[in-house]
Amino acid sequence: MRLVSDWLATVQLSTKMPEFKGDEDALTRLNMVEKVMIIPRVVGDIQKGGVVYQEKCGSCHGRQGMGRGLFPMLTGQYTNYLKKQIDIYLRGERPHEDEDPQVTVLKEISADDIQDILAYLTTLQPTE
């Protein structure tokens, strides 16, 4: 698992659309675009999500969601994956941090605020 994890950490996906020369056929263009990491936007109040994220999450996961130390990168993660991880944490099936299990950040955030944070995270893209 460590070897796979190390290899995955080296994979770099562009967040910018490729520049087409104009002589590519449709399949070639499709294959070029498939190598671009595109995170679809989700419904939510992006501005409010940014405020809540910075207040509750940014100090550990980084102000731009790029992760810090043991805290993983959130920027560029698919929203469904992040939502699933939050849900299994809230059900007690996944650890979140080393805090006392009775007092944790995610349990303090409302479902609406979580949705807004997810919407905000879709606006952040890793820089090349």
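Note that the CG atom of Leu121 and the SG atom of Cys57 stand 7.5 Å from one another [nearest 0.5 Å]. Distance check, rounded to the nearest 0.5 Å: OG1 of Thr123 to OH of Tyr53 gives 11.0 Å.
Placement of Ile114 and Val105 within a single hydrophobic cluster is found when ILVMFWY residues are connected by side-chain heavy-atom separations under 4.5 Å, directly or transitively. Val43 and Tyr81 sit in two unconnected hydrophobic clusters of ILVMFWY residues. Membership requires side-chain heavy atoms under 4.5 Å apart, directly or through other members. Under the 4.5 Å side-chain heavy-atom criterion for Ile, Leu, Val, Met, Phe, Trp and Tyr, Tyr89 and Leu74 are members of the same hydrophobic cluster.
A side-chain donor-acceptor contact under 3.5 Å links Asp25 and Thr28. A donor and an acceptor atom, one from each side chain of Gln115 and Tyr120, are nowhere located under 3.5 Å apart.
Taking 4.5 Å as the limit, every side-chain heavy atom of Ile46 sits out of range of all side-chain heavy atoms of Asp116.
Evaluation of the salt bridge (Lys or Arg N to Asp or Glu O under 4.0 Å) test over residues 69-82, restricted to residues two or more places apart or in two chains, returns none. Every pair passing side-chain hydrogen bond (donor to acceptor under 3.5 Å, both in side chains) that includes a residue from residues 43-52 is listed here, sequence neighbours excluded: Lys48-Asp113.
With hydrogens and angles disregarded, no donor-acceptor distance shorter than 3.5 Å links the side chain of Arg41 to the backbone of Ala119. His61 places a side-chain N or O within donor-acceptor distance of the main-chain N or O of Pro72, the cut-off being under 3.5 Å. With hydrogens and angles ignored, the 3.5 Å screen pairs a side-chain donor or acceptor of Thr75 with a backbone N or O of Gln64.
The two atoms that bring Glu108 and Lys56 nearest to each other are OE1-NZ, 3.4 Å, heavy atoms only.
In this structure, Glu93 places its CD atom where more than 12 heavy-atom neighbours from other residues, nucleotides or ligands lie under 6.0 Å away.
Applying the salt bridge (charged side-chain N to carboxylate O under 4.0 Å, His left out) test to Glu24 and every residue at least two apart in sequence or in another chain returns Arg29.
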